[in-house]
2 protein chains.
Amino acid sequence: MKDYQTLYQHGTLAQLVPGLFQGTQSVADLLTHGDTGIGTLTGLDGELIILNHEVYQFAATGEIRTVEANEQVPFANVHFLADQSAGNLAQLNFDMFKRAVIQKMNTTNLFYSVRVVGKFKSIHTRAVLPQEKPYPTLTETAAKQREYQKEDVSGTLIGYFSPDLYAGAVSPGFHLHFLSDDHSIGGHVLDLELNEGELFLQQFSNFNLHLPTDDQEFLKQTFKSDEIIDSIMRAEN
Amino acid sequence: MKDYQTLYQHGTLAQLVPGLFQGTQSVADLLTHGDTGIGTLTGLDGELIILNHEVYQFAATGEIRTVEANEQVPFANVHFLADQSAGNLAQLNFDMFKRAVIQKMNTTNLFYSVRVVGKFKSIHTRAVLPQEKPYPTLTETAAKQREYQKEDVSGTLIGYFSPDLYAGAVSPGFHLHFLSDDHSIGGHVLDLELNEGELFLQQFSNFNLHLPTDDQEFLKQTFKSDEIIDSIMRAEN
């Protein structure tokens, strides 16, 4: 039975900071926990957008492809889609957009999925280049990310709002990916201007953090909370 | 089907800091997620010890009673017991005990349940007095806690180890409660000396944070992560 109350996460965002980029869950396994979401592949290879049970990769080359069931994710968030319309939004820059979404939520103390189907005046994204072992840190990797910009594009924004309290496990606030309808652009959203779109929200009562219990590097890593959160804020925004 | 891989938590520890002590889940509901654990009741009334599907309250008066199914918890952790012996421990003070347990765990990056059945040279616990609305803060409440000490007592230590990274959602490190075999003492463990006992550990791949989505005070509260973690460290240790 599908659980619509749970936001499922494989991995903790903290593990990406020191460079634990090895995939630890198959896409097939991941999809048993949800049909919609975001994530990345082994080596931090591109940005994943999961819609209608299909997993798309926006690679740093700018290419979009369908990801196979046996590929591995070090980090991903998924949920079973049961979101509800929270109305239409129009003529908003990214800050205005974030404020508008927060106004539509009941609280900033719960996890939400955020989905917008709309027309964007502009969208600015990034995708990370695939890294090889020994993996560099998240900060080093993000410094070499590829950025993409497109004007007047229709597409879907998908991602999450997470309360600040859980920074470290998650990227606090909004974490949004994008996929255009024509698959010409995707990625982790750095900035946007929305012409018009419909906002869909899904509030979760459960946040299920699933950790890679068999990954020796993860088990051995020392995490310093303050440094971790600082690095996440710089790399993910 | 019982899920032995999940540590379930109702509420976030952060909510206790500003004084959100209203129970938001019934004991009956809680027990559908586990048969073993720790927690507290509405008003922060005493310390709960959950063993063999029975919920015991050690009240600040020193009395121990069985809690009813319709009583409410603002915060609790439970799991379905499937722990395994990690060997015997002997002649340890609290610091030595913590170090010994960490040595038996594979990592400090996963959540574990920690259970010790043993004989204690001494045990030092606290229990919180029931608070009335408008609730004071956790720091104010903890300042008025009742402390108990007993020498040469047999009993069960039950609780959890949580990685530092999740401070705020949880009390980082060890969070242990105690119940003596003769029900003469219980509570939140502040200090101990172990004569001899058997340690049982259960490693979890999932941490399921279940939040009180219908509690208006929780939804409206502003949480400042740094202050929250500071208050938790002072009140819970």
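This one's a predicted model, so the numbers in the text were calculated from it and none came from an experiment. Residue numbers begin at 1 in each chain, while the letters A, B, ... track the order of the sequences.
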S.K.: Can you tell which of B:F207, B:F223, B:Y8, B:F111 has the highest number of heavy-atom pairs within less than 4.5 Å of chain A?
M.R.: B:F207
S.K.: Tell me, for B:I228 versus chain A, whether the close heavy atoms (under 4.5 Å) come from the side chain, the backbone, both or neither.
M.R.: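 Only the side chain of B:I228 comes within 4.5 Å of chain A.
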S.K.: Within a strict 4.5 Å, meaning less than it, do heavy atoms of the A:L219 and B:L110 side chains meet?
M.R.: yes
S.K.: Flag the one option from A:N106, A:T6, A:T12, A:D164 with the top tally of heavy-atom pairs under 4.5 Å to chain B.
M.R.: A:T12
S.K.: Below 4.5 Å from any heavy atom of chain A, which atoms of B:Y166 appear? Answer side chain, backbone, both or neither.
M.R.: side chain
S.K.: Which bit of B:F218 is near chain A, if near means a heavy-atom gap under 4.5 Å: side chain, backbone, both or neither?
M.R.: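 Looking at B:F218, backbone and side chain both touch chain A.
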S.K.: Would B:Q221 and A:N109 count as a side-chain contact (heavy atoms from CB on, under 4.5 Å) if you check the C-alpha gap in whole Å, the side-chain angles of each, and the deciding distance to 0.1 Å?
M.R.: CA-CA 8 Å; B:Q221 184 68 42; A:N109 293 329; 4.2 Å; yes
S.K.: Do other residues, nucleotides or ligands put more than 12 heavy atoms under 6.0 Å from the CD atom of B:E217?
M.R.: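 Result for CD/B:E217: open.
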S.K.: Is it the side chain or the backbone of B:Q203 that comes within 4.5 Å of chain A heavy atoms, both, or neither?
M.R.: side chain
S.K.: Using every non-hydrogen atom in the two residues, find where A:S225 and B:L165 come nearest and quote the distance to one decimal.
M.R.: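 Closest pair (atom of A:S225, atom of B:L165, distance): OG-CA, 3.6 Å.
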S.K.: Under 3.5 Å, is there a donor-acceptor pair between the side chain of B:N206 and the main chain of A:N208?
M.R.: no
S.K.: Quick check on the interface: out of A:Q15, A:H210, A:Q5, who has the most heavy-atom pairs with chain B under 4.5 Å?
M.R.: A:H210
S.K.: Which heavy atom of B:F204 sits nearest a heavy atom of A:T213, and at what distance?
M.R.: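 Nearest heavy atoms, B:F204 then A:T213: O-CG2, 4.1 Å.
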S.K.: Considering only heavy atoms and a distance below 4.5 Å, find which of A:T222, A:T108, A:L209 pairs most often with chain B.
M.R.: A:L209
